[in-house]
Amino acid sequence: MSARILQVLDRTGLEAFAPFVRLFRGDDRQEQFRKLFMNFGAPSIAFLLFLGAWSIASQSIMTKYGNLPSPTEVWQQAVVLWDAHLAGLAAETQFYADQAIKAAEFSAAADVFSSRGDAVMAEKMSSSAATALAAKYAASPSYITQILTSLKTVFAGFLIASLIAIPIGVLCGTSELVQAALNPLIQIFKPVSPLAWLPIVMICVGALYTTKPDEAWFEKSFISSALTVALCSLWPTLANTALGVASIDKDHLNVAKVLKLDTWTRIRKIIIPSALPMMFAGLRISLGVGWMVLIAAEMLAQNPGLGKFVWDMFQNGSSETLAQIMVAVFTIGIVGMALDRTMVILQRSVSYSETNA
Amino acid sequence: MSVLELKNVSKSFGSGGGTTEVLRSVDLSLDEGEFVAVVGFSGSGKSTLVNLLSGLLFPNRGEVLFKGEKNVAAGPDRGVVFQNYSLLPWLSVYENIRLAVDQVFADQSVQERDQRVRHYVDMVSLTPAMAKKPHELSGGMRQRVSLARTLAMSPDVLLMDEPLGALDALTRAVLQDEIAKIWEQEKKTVLLVTNDVDEAILLADRIVPLKPGPSATLGKHFSVQLPRPRDRTALNHDAGFKELRNNVVNYLNTVRKESKTAQLEARQKPLPELPQLKPADLRAQ
Ligand SMILES: Nc1ncnc2c1ncn2[C@@H]1O[C@H](COP(=O)(O)OP(=O)(O)OP(=O)(O)O)[C@@H](O)[C@H]1O
Ligand SMILES: [Mg+2]
């Protein structure tokens, strides 16, 4: 039973909690307490020290909007943002409820007019009912909505990057010719900063994506952010996939030769599984890069998301908004960490031997 | 009729100045249904020989003929039991064998293929470990999976590179009997690389020693004419068996000594003769 729990903890990247289980099981107590201190005690102390240093700094750094916000002020602003989100949600439900009532009243009126034989007025009333139902709640997006937008964008960009990088990586890894042909291009584009890609992407999206706004599936800003993320985050996956495929064990290729596997089966059954751990290591880096790039892109392009939130607050310029920017900094960090942990779990689930977990 | 033949084959590794010749002018012919054992010293080129026979490597000089065709690329009709097992670490025991069976018996039904895999897993007594991954197995267990995988492919020619090397004496004996049984029932052509002379005599029709390298060649062939089926315990008291074993072991010792002295001589060889030129006194002119 406890072995099973330990295995699950290990698989899910929560091995920090393992000492609790071991302690319960009665393993070497001193060793387990030492580990608990390492996993929880030491980090807590470091965090408290950080908060202390921050408090002192906030008292002594004067900005033109007042003191640098202290930890408590930042926490208060986090609560404010959360409450605003809840209030926004309530307002939205209220709005749609009101619209529904309005529409019902209009259609009731339409029924009355048509029973009286006044077709013109009846027509007018039913069209008003339709307008009332179709009305969209318009308000500036709340903080939580901004986070969700950013997450959606980063996943879209990451998906595009993976769809491009993995096949090309496999090609590079299997064929020396492709590798030689593409290597210079990859080397040139890899170090390009997202800030340089962004204007090009925006202009190209503007030129090519001409669907009318109300018919489009995606907004232009979403597409240009996602593409910028994709362009910047595809390189680690590409490089790692190519390396993983190229360093496949010769013995495994010999098995493929003796079995006379055709190219597609060889890729599917031998090459991909063998390169999968390396590929996931690359995907993990890519997602991290993508998240960093996205915030910068949103700030620069004024595309909806956390980056825009930070920029807007900066423009507002007050002590409260400064504290809200700090809330955003922590949010960005915590979301980034959560994304990374998710990738670690995925990476562990595809590693096939104890040693390269 | 020879199924697989090496004709004057030489194989070197490396290119330019750093080449080492591993095999030189090797001639070997495997007749249909024949069981040949290759015995030799470590590093002499036995695995290289197997790779040449299987079509995973091609010779620098000479040719390999498989069913009369020259230098055919590897395929499932020449099954190889690799010395280092070469199991796919992301597949379980069952899946490793299933991959091979699916490839070779693609025209059979799913049940038939499943049955086939289970039969061979059972043959090497690994049914309890069927769902395990290679890294969860001992060396000997991996070796048995590798053997089962190749046998399950039912190849025309079976090339086995020290397939029982990592096993204890008892398991080894069981699998030796299994190999003998399969060979007798299905009349395959078999080449077995082994470092165990007793094993070679027990199983083979012909024993071919590989002399120590570099530039190894095949030594004199020993034909094994003991009646089949051969019984291990009975053989131990058989005069013919004892004599043959002594002959093979003595021969191996002799070739090893020869190669050692040859190497020593090569090292102590006097400097190459310089052309006869008299130093001229340039000042005199
Ligand atoms: N791919 C290669 N590149 C360079 N040298 C090689 C290569 N493969 C084998 N050799 C060399 O060829 C020689 C023979 O190797 P081989 O593996 O055939 O020996 P072996 O008889 O199978 O030895 P063992 O009994 O230890 O398995 C060795 O000296 C080895 O260094
Ligand atoms: Mg070998």
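Note on naming: letters A, B, ... go to the chains in the order of the sequence lines (proteins, then strands), and numbering restarts at 1 for each one.
- Here the closest non-hydrogen pair linking B:K46 and B:V39 is CD-C, 4.5 Å.
- Residues of residues 152-187 of chain A lying under 4.5 angstrom from chain B, judged on non-hydrogen atoms, do not exist here.
- Applying the side-chain hydrogen bond (donor to acceptor under 3.5 Å, both in side chains) test to pairs two or more places apart or on separate chains, those with a residue in residues 124-133 of chain B are B:D122-B:T127.
- Heavy-atom distances place the side chain of B:N84, and not its backbone, under 4.5 Å from chain A.
- Contact annotation for B:L87: only backbone heavy atoms (N, CA, C, O) come within less than 4.5 Å of a heavy atom of chain A.
- Pairs passing the ring pair (Phe, Tyr, Trp, His ring centres under 6.0 Å) check and including a residue from residues 77-109 of chain B, sequence neighbours excluded, read A:H252-B:W90, A:Y352-B:W90.
- A salt bridge is defined here as a Lys NZ or Arg NE, NH1 or NH2 lying under 4.0 Å from an Asp or Glu carboxylate O, and A:E15 with A:R348 meets this definition.
- Ionic pairing of B:R172 and B:E199 is present here: one or more N-O contacts between side-chain nitrogen and carboxylate oxygen are shorter than 4.0 angstrom.
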Distance-only check: which donor-acceptor pairs under 3.5 Å involve side-chain atoms of residues 53-62 of chain B, not counting sequence neighbours?
residue : atom : partner : partner atom : Å
B:S54   : OG   : B:V50   : O            : 3.2
B:S54   : OG   : B:N51   : O            : 3.1
B:N60   : OD1  : B:S12   : N            : 2.7

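- More than 12 non-hydrogen atoms from other residues, nucleotides or ligands lie less than 6.0 angstrom from CZ of B:F13.
- Contacts of A:L276 with chain B are absent, with no heavy-atom separation under 4.5 Å from either backbone or side chain.
- Summarising the local packing, CE of A:M292 is surrounded by 12 or fewer heavy atoms from other residues, nucleotides or ligands at distances under 6.0 Å.
- Interface residue B:R149: only side-chain heavy atoms are found under 4.5 Å from chain A.
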